[in-house]
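Contents: one structure, followed by commentary.
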Amino acid sequence: MQVNGDLANIKTYILEKLKALYDMRVPIGQISTRELNEEMLAITEDTDREVAVYLNRQGKVVQVSLGDTATVDLPEFKQKTRSDLRLSGIRCIHTHPSGDVRLSAPDLSSLRRLRFDCMAAIGRKDKKIIGCLAFFAGEMSEDGTQLLTQYGPAEDKILAQINLNLLVTVVNKKLAAQSTKSTEDEVERAILAGVERPGSSWPIEESMAELERLADTAGAKVVAAFTQRKEKPDAAFFLGRGKVNELAMEIQNLEATLLILDDELTPSQQHNLERMLGVKVIDRTALILDIFAQRARSREGKLQVELAQLRYNLPRLSGQGLALSRLGGGIGTRGPGETKLEVDRRRIYSKIHDIEEQIDGMKKSRSLHRKRRKESQIPLVALVGYTNAGKSTLLNKLTGSEVFAEDKLFATLDPTTRHLQLPEKQEILLTDTVGFIQKLPHTLVKAFRATLEEVQEADLLLHVVDCSNENLEAQIEAVVAVLKELEADGKPVLYVFNKADQLANPHIREQLLHGRDGVFISAMTGENLDGLQRRIEGFFQESQVRMTLLIPYDEGAAVTKLHKLNAVVETAYEETGTKVEVRLPLSEKDSFTKYELKE
Ligand SMILES: Nc1nc2c(ncn2[C@@H]2O[C@H](COP(=O)(O)OP(=O)(O)OP(=O)(O)O)[C@@H](O)[C@H]2O)c(=O)[nH]1
Ligand SMILES: [Mg+2]
């Protein structure tokens, strides 16, 4: 057994004593023993030099050195990877010849550098053995360095009572939590890949550009993009074998950590690609789900996203465990809020059940809410449209509110409803909804059905279109497809061609409308917002009548009913009764004609 350090001029019997330290054992879970401490201190007292022993978790001495700990190198115990923050499994116990057992700065820095389970210094004071101890706290300071915990000086019999196993488990757990956090913080380097299929209504460049925006929104850095023409996707790899090999090379060259496919992958395609390429592979659906998970704000929104994620992941769990968990955190593994997605099949089932129940409960309370709204008779107008069309900007502009609007995809996830009074005093409720997108996964539409109930309940849909987008026809089509899926395609629609300020040529407006019923506006500059409001008002007026009524004072119930119907525009008190200007739904007209005041 080799003793390290400066051994020149060391007497043979000292060397023998040092070598004998290798034979000493410490019970598992205990930091040191009285015998080991005594032997080490005896050598120190003989030589006036520091003795250090390094023990593994089995309590076996794996290295002995004479000199000072700061210069001791332990090559074979060094950490293999930078990202692995866990403790090394080795601890260092050393003597301080001065008898001052406080840990020195070099002691603490080697604890940090070599990630020891703990660092102990021992010495003798008044015939007693005392020691100090330091170990990782498992917490990081503001500047990103690991905090240490120090203990002592204390008598060796106290130190011997510390449960090293427990200490290590706790610290490692905390460190592991840090390392998942830091991998999530690390920007993922993504390669995008898509297959161009003949006859697709969506140009592959557009689809890929959108995928890049989605990746960007999710926080990935896109380092390359590949497309391939293919009649139909490969059953095993989605992409052709040649393309997969090319990708494998590029992933190495570009140090990519993530591959994102533009279409939904089958669980086995995803699994095969991950095995071949050695990086995490996700598809458009998982990417969208990830963005939703980051953006959902309301409790129900969060639950719905989590439900969709769990359902999506369920068939993707392989027998031995989840590919995603094997490959670490980041995009595709993040749940709503602070949570990390569940990866255990059994727990997923019970969680799905749990969430479904919670959502059910909320649905009930919402339908009560809706009933109340219906009774109030205020019509509901829903803003629908492709993501980034400007729905939230429009809602803000019209209602003077501050709904989050941003030049990112899916800025809005939770529906917001605002009260709005139109120029002719017609009141409406205007609701902003999640933007739609092409290839919006079926599961997601289903998940969002509940929050999209506003769309299903609406009396009028405002389909907001970004008319400056070259691909507007395909976007309109995608929105209509989702509306169909929501069974809301039969509703009256007014097309709102937004971002008209971006249209250089006003003459193409007519052409863009394609015979659809629509108005051109700019939510940004405010252009034609009054025109839009008049159109909305016009829509409701067509199904309403205006009347002036005189209701005798002893028939107050009629007035109450009018208020309930939210039909009253103006009230005046005359000698013979209440004079009210009303705007009545046609269906209610007959019951009030007897009060009508003919001029
Ligand atoms: N030039 C121009 N930009 C606009 C107009 N309206 C909205 N925008 C911009 O378009 C971007 C998207 O606007 P949002 O209101 O967030 O779009 P959204 O439809 O709510 O998007 P999601 O919530 O993601 O579905 C923002 O950067 C707006 O500033 C407009 O009339 N003209
Ligand atoms: Mg929005």
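Just so you know, ligand 1 is whichever comes first in the structure, and atom 1 is the first atom listed for that ligand.
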Seminar exercise, completed: Atoms of ligand 1 under 4.0 Å from any heavy atom of Gly435, numbered from 1 in the order shown, are 25 (O)
Exercise. Short list, please: which atoms of ligand 1 are under 4.0 Å from a heavy atom of Ser522?
Worked result: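 That gives atoms 30 (C), 31 (O), 32 (N) of ligand 1.
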Problem set entry | Audit row: Tyr386, Glu477, side chain to side chain donor-acceptor pair (under 3.5 Å) steps and yes/no | CA-CA 10 Å; Tyr386 210 75; Glu477 218 174 277; over 6 Å; no
Problem set entry | Per atom 7 (C) of ligand 1, closest listed option by heavy atom (Leu394, Thr393, Leu383) |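 Ranked by closest heavy atom to atom 7 (C) of ligand 1, first place is Thr393.
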Problem set entry | Option whose closest heavy atom lies nearest to atom 32 (N) of ligand 1, chosen from Ile521, Asp501, Thr217 | Asp501
Do any N or O atoms from the side chain of [X] and from the backbone of [Y] form a donor-acceptor pair under 3.5 angstrom?
X: Asn272; Y: Ala236; value: yes
X: Glu537; Y: Glu424; value: yes
X: Thr257; Y: Arg189; value: yes
X: Asn498; Y: Asp466; value: no
X: Arg311; Y: Ala308; value: no

Exercise. Would you call Arg197 and Asp263 a salt bridge, using N to O less than 4.0 angstrom?
Worked result: yes
For this session: Would you list the pairs meeting side chain to side chain donor-acceptor pair (under 3.5 Å) in which at least one residue belongs to residues 517-527, sequence neighbours left out?
Result: Asp501-Ser522, Arg509-Glu527, Asp517-Arg535, Ser522-Thr525
Exercise. So, Asn388 and the Mg ion (ligand 2): N/O/S under 2.8 Å, yes or no?
Worked result: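 No, outside the cut-off.
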Give yes if a backbone or side-chain nitrogen or oxygen of [X] is under 3.5 Å from a nitrogen or oxygen of ligand 1, and no if not.
X: Asn388; value: yes
X: Lys391; value: yes
X: Ala389; value: yes
X: Lys499; value: yes

Seminar exercise, completed: With heavy atoms and a 4.0 Å threshold, my read on which part of Thr387 contacts ligand 1 is both
For this session: With heavy atoms under 4.0 Å as the rule, classify the contact between Gln502 and ligand 1 as side chain, backbone, both or neither.
Result: side chain
Exercise. Touching ligand 1 at all, Gly385? Heavy atoms, strictly under 4.0 Å?
Worked result: no
